[in-house]
Amino acid sequence: MLSYKEFLAAGGEAKWQKKWLNTKIDRADDFGAKPKKYILDMFPYPSGAGLHVGHPEGYTATDIYSRYLRLKGFNVLHPMGWDAFGLPAENYAIKTGTHPRLTTEQNIATFKRQIQSLGFSYDWDREVDTTDPKYYKWTQWIFLQLFKKGLAYEATVPINFCPSCKTGLANEEVKNGKCDRCGTAVERRDMRQWMLKITAYADRLLKGVDQLDWPQSIKILQKNWIGRSEGAEVDFKIAGSDKKITVYTTRPDTLFGATYMVLAPEHQLAQELKGQISNFAEVEAYIDSAKNKSDLERTELNKDKTGMELKGIKAINPVNNAEIPIWISDYVLASYGTGAIMAVPAHDDRDFEFAKKFDLPIIEVIVPERIDKRNPPVDGKEKVERKNVQVVVRNPRTGKILVLHSKKYNWNTFPMGGMSEGEEPLAAAKREVLEETGYKHLANGKILGGQVRAEYFANHKGVNRVSYTNLIQFDLVDEEQAEIAEEEKEAQNEILWLEPEKLTVDFMVHAEMDIWLERIKKGDIAYTDVNNGLMVNSEFLNGLAPAEAISKMTAWLEEKGYGRKAVNYKLRDWVFSRQRYWGEPIPLVHCKKCGTVTLDEKDLPLTLPEVEKYEPTGTGESPLATIDEWVNTTCPNCGGPAKRETNTMPQWAGSSWYWLRYIDPHNDTAIAAAEKMKYWLPVDLYLGGAEHAVLHLLYARFWNMVLFDIGVVPQEEPFAKLVNQGLILGEDGEKMSKSRGNVVNPDDILKEYGADTFRLYEMFMGPLEDMKPWSTKNILGVHRFLNKAWDIGRQTLSKEEKSEVEVILDKTVKKVGEDIETMSYNTAISAMMILFNEIPDAKAVSREQWEKILIILSPFAPHLAEELWEKLGHTDSIFKESWPQYDPEKIIDAEKEIPVQVNGKIRAKLILPTDATEEAVKTAALADKNVKKYLIGEPKKIIFIKGKLISIVT
RNA sequence: GCCCAAGUGGUGAAAUGGUAUACACGACAGACUUAAAAUCUGUUGGUCGCAAGGCCGUGAGAGUUCGAGUCUCUCCUUGGGCACCA
């Protein structure tokens with residue numbers, strides 16, 4: 001028999017691949033009697049670069065799982081296909097004039113050859129290709145259903161436009177203000193678009209997430225993207241007008257602190273009231289400049305807020321009838337909520353920044369609250385309120401901060417004291433510093449944030465104090481000190497100058513210290529915490545916690561007719577049209593008489609016409625618009641002249657339902673037969689990269705829900721379980737990229753080591769979900785392992801049962817099976833390596849044992865296992881076998897090494913029977929000479945865990 | 001700024017609260033060989049010790065526990081996502 005190297009060189013793997021393909025051994029059996037499993041890979045975009053080492057990582061993982069499930073007696077659907085519409089083929093067409101269909105065909109051929117050379121057990125009879133008219137007929141059909149349900153609509157909206165790809169983009173395709181595909185900064189443009197009303201499904205998409213067996217991080221990503229928030233709408237009247245401004249807020253509790261309004265530049269009120277706005281020319285100029293700003297300028301370069309007051313008009317705060325100014329600013333988004341806000345600078349960071357810049361009033365309506373843990377208030381004692389200041393004195397020359405250490409009370413404080421009636425906080429602070437420290441010259445006085453309420457028991461007075469404290473900051477001008485005031489001497493204060501990092505919550509006695517630390521670090525900031533504090537300056541809300549105030553205020557607004565409960569989502573409707581050639585044509589016509597009319601379903605597919613130039617026009621029209629004979633058609637409704645819709649669908653369309661087509665890929669009367677979908681759905685395992693967390697996975701769920709609603713699919717959620725494979729990095733630990741030159745081509749590895757080694761290596765690298773670097777050196781380890789397996793397989797096996805192998809073999813069968821179920825392939829492989837390390841040669845295993853070994857190895861290294869299986873004289877495939885059983889009794893070792901801990905440290909390891917009793921282990925442990933050495937006196941407590949350890953505490 | 005995940009030998013990485021570093025790579029030493037490759041055997045966290053054995057050790061610090069890589073809190077670092085969403 002050949003050596004492993006010779007087997008590989010002779011194309012032994014290809015031989016089996018061909019055989020598996022020809023015998024259709026991996027065919028999924030519709031309505032099969034065995035229990036079904038649907039194991040799905042995210043299908044690839046067949047790029048010109050060919051397969052990347054990242055692709056086979058996921059494919060190998062699902063392949064092992066699928067092969068295992070078949071051995072376990074399941075009827076497995078495991079298909080593969082091509083997500084082949086998309087920009088690269090089209091951009092290549094623009095450059096070279098090659099038809100994208102041609103490029104796509106070639107790329108698919110390459111991908112298919114590469115994927116098949118890895119020995120994956122796909123049912124190739126079910127291959128799909130999104131660019132095949134027989135496939136996109138049904139993509140177009142789904143679009144028509146969306147249109148008929150009112151979920152597809154046309155709108156001229158400001159969208160993200162990529163000037164390089166010359167097409168509009170969905171929000172999901174914009175990353176940091178740049179095009180996700182090409183990295184060009186996107187522009188905002190008003191364009192006629194087809195939109196899909198995914199927002200109508202926001203709540204269901206959100207609620208459905210909880211039921212899914214998906215990675216927690218992906219679920220959170222989807223939830224955040226949908227971004228549901230609860231709050232209230234509030235109507236503000238405009239003084240001297242019948243117009244009003246409706247705002248959305250999540251913080252109706254802070255309504256008494258609303259000191260101005262802000263409208264988005266696109267808000268129509270400015271236009272409606274332009275007659276009353278005295279500075280309208282200026283306002284209009286501001287609106288124009290905001291319109292021309294790209295998203296990048298609006299967000300990333302937002303260091304400074306801009307805005308313009310609408311002079312001559314005022315809004316009326318419904319809670320207190322206060323007249324407040326109305327501003328316009330691009331920090332308010334037209335596309336969220338109502339496009340207008342009430343600004344509460346004391347309790348919102350953005351409003352605070354804006355108010356500081358334009359010198360608008362700030363009213364605090366919530367005071368943070370702290371209870372002194374070291375000195376908590378005592379029940380039944382009198383409560384005495386007082387106003388305090390605490391003072392941070394910084395020495396700007398050393399950066400140090402002044403702290404008083406009281407020898408009498410043994411605590412550290414800032415200079416502090418009560419404010420007298422009518423005294424300003426800054427003046428009080430200066431006075432306290434002088435009295436307590438003698439420092440005379442302070443400068444740059446600043447109040448850091450609002451008051452903080454603290455409760456504590458004042459021991460020396462026998463009362464509960466409730467203090468309202470402001471933190472004041474000063475710079476020390478010079479060291480000149482006056483005599484310390486007589487009444488302060490009693491505390492025996494020592495003046496310390498300390499590094500700021502020394503001042504911690506534990507070091508200082510103040511209950512407010514955590515808040516002070518944040519303010520010292522960040523300066524004057526808004527208090528935005530909704531979970532702590534008491535309402536003040538808010539009439540009927542005073543004394544409530546913010547959460548209570550929210551419901552009370554909302555009820556009040558509803559009662560008075562000034563507002564109502566409201567819910568908002570960050571999710572926007574899906575911009576569904578692209579101004580490109582290589583996509584599904586949208587099956588609609590525009591008729592002067594009938595408006596927008598759908599094509600008849602019998603006229604689908606609407607195929608892509610041939611075109612001379614693939615270049616987008618860049619004017620909001622796709623290249624299809626230039627083909628008159630295609631564009632000009634007749635209306636299916638009235639028969640009169642009509643024009644075809646020239647936008648195409650985004651790449652996400654074809655991938656939003658492809659898993660349904662695998663179920664019945666050649667059906668030309670439905671996307672798939674209903675009974676077949678009922679049999680196969682849902683997808684039991686879906687595996688792919690995390691980069692699709694909010695794009696494909698959200699769109700796919702949306703389409704599936706719509707198809708569910710119209711009775712086409714049997715389940716609301718398509719993918720029961722989702723697993724993300726981690727990225728494979730280059731050998732240098734960086735992302736693989738052509739420009740870095742660290743890309744590994746699977747073909748090279750296959751040529752040198754074979755498919756089984758490649759599969760095994762990728763699974764042995766580490767946990768499937770982790771990001772991990774490629775290391776060509778490490779391939780040798782798994783290759784040696786397979787070599788060893790091969791060598792044993794070449795030799796003559798033992799004629800008799802070998803009991804010493806039996807125990808470890810059964811352990812391995814158990815471990816490998818369990819690890820496959822959790823997709824912990826790295827440890828499954830390691831378990832098999834351990835097994836082989838116990839087998840010096842073929843004489844150590846019987847035929848029966850060797851067959852077991854080959855079967856558990858077969859999902860990982862199918863070619864090698866199949867070849868060695870055949871060598872045993874079998875004429876049928878190893879993959880028709882069953883997963884081996886193991887005897888749970890047998891895998892328990894008779895003896896175990898039991899560690900002995902004395903006071904938590906291991907002092908001895910005893911070899912004892914696994915089922916030794918506590919008494920026996922104790923006796924043995926106490927007799928050990930090293931244990932004796934560390935036993936001082938009688939053991940106080942002994943913890944015994946059978947078969948695990950004994951721990952002695954003295 | 002907010003949300004999520006992760007920090008363990010020279011490297012990829014193991015470890016239901018119970019013997020930290022399994023398995024593999026690399027390195028070192030040896031066997032086979034004229035030699036090299038391949039293969040096989042042994043050693044391989046740091047440190048002290050002739051040895052028995054001791055001490056230290058899972059990003060840092062605290063806590064819970066007889067016992068913490070694992071649980072809790074604070075912090076640091078890296079990666080990913082979101083980012084004026086009121």
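Per chain, numbering begins at 1; letters A, B, ... match sequence-line order.
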Tell me whether the side-chain N/O atoms of [X] come closer than 4.0 Å to OP1 or OP2 in [N].
X: A:S951; N: B:G18; answer: no
X: A:N837; N: B:A24; answer: yes
X: A:R784; N: B:U39; answer: yes
X: A:N826; N: B:A14; answer: yes
X: A:K905; N: B:C56; answer: yes
X: A:Y934; N: B:G54; answer: yes
X: A:R907; N: B:G54; answer: yes
X: A:K941; N: B:C66; answer: yes

Picking from [options], which would you name as closest to the side chain of [X]?
X: A:N930; options: B:U19, B:C3, B:G54; answer: B:G54
X: A:M833; options: B:C4, B:C25, B:C23; answer: B:C23
X: A:Q901; options: B:G18, B:G53, B:G26; answer: B:G18
X: A:L949; options: B:G18, B:A86, B:G53; answer: B:G18
X: A:L221; options: B:G12, B:G79, B:G81; answer: B:G81
X: A:T249; options: B:A14, B:A86, B:G18; answer: B:A86
X: A:I834; options: B:A13, B:A22, B:G53; answer: B:A22

Distance, rounded to the nearest Å, where [X] contributes [atom1] and [N] contributes [atom2]:
X: A:L780; N: B:C23; atom1: CG; atom2: P; value: 18 Å
X: A:M763; N: B:C23; atom1: CE; atom2: P; value: 22 Å
X: A:K788; N: B:C40; atom1: NZ; atom2: P; value: 7 Å
X: A:E769; N: B:G79; atom1: CD; atom2: P; value: 21 Å
X: A:F764; N: B:U11; atom1: CZ; atom2: P; value: 17 Å
X: A:N724; N: B:A6; atom1: CG; atom2: P; value: 14 Å
X: A:N903; N: B:G54; atom1: CG; atom2: P; value: 14 Å
X: A:E897; N: B:A22; atom1: CD; atom2: C1'; value: 14 Å

Between [N] and [M], how far is it from one [atom1] atom to the other, in whole Å?
N: B:C56; M: B:U8; atom1: P; answer: 22 Å
N: B:A14; M: B:U65; atom1: C1'; answer: 25 Å
N: B:G49; M: B:A60; atom1: P; answer: 27 Å
N: B:A27; M: B:G17; atom1: P; answer: 37 Å
N: B:U16; M: B:A6; atom1: P; answer: 14 Å
N: B:A37; M: B:U19; atom1: P; answer: 41 Å
N: B:A24; M: B:U39; atom1: P; answer: 13 Å
N: B:C55; M: B:U74; atom1: P; answer: 33 Å

Hey, mind stepping through A:D349 and A:T528 against side-chain hydrogen bond (donor to acceptor under 3.5 Å, both in side chains) and telling me if it holds?
CA-CA 7 Å; A:D349 293 326; A:T528 58; 4.7 Å; no
Is the [X] ring parallel, tilted or perpendicular to the [Y] ring (thresholds 30°, 60°)?
X: A:H692; Y: A:H696; answer: perpendicular
X: A:H347; Y: A:Y527; answer: perpendicular
X: A:Y331; Y: A:F354; answer: tilted

For [N], the Watson-Crick or wobble partner whose two distances fall under 3.5 Å:
N: B:U8; answer: none
N: B:A31; answer: B:U39
N: B:G26; answer: B:U44
N: B:U74; answer: B:A60
N: B:C2; answer: B:G81
N: B:G49; answer: none
N: B:U19; answer: none

Flag the pair A:K356 and A:D351 as a salt bridge only when some basic side-chain nitrogen lies within less than 4.0 angstrom of an acidic carboxylate oxygen.
no
Here the gap from A:K305 atom NZ to A:S329 atom OG, rounded to the nearest 0.5 Å, amounts to 7.5 Å
For B:G79, glycosidic torsion class - syn if within 90° of 0, otherwise anti
anti
Counting C-beta onward and ignoring hydrogens, is there a side-chain heavy-atom pair between A:Y569 and A:S229 closer than 4.5 Å?
no
Determine whether A:T914 and A:I898 make a side-chain contact, defined as any pair of heavy atoms from C-beta on separated by less than 4.5 Å.
no
Return the 5'-most residue of the pair A:K948, A:Y331 with respect to RNA chain B, ranking by each residue's nearest nucleotide.
A:K948
RNA chain B: 5'-proximal contact among A:T827 and A:S775 (nearest heavy atom)
A:T827
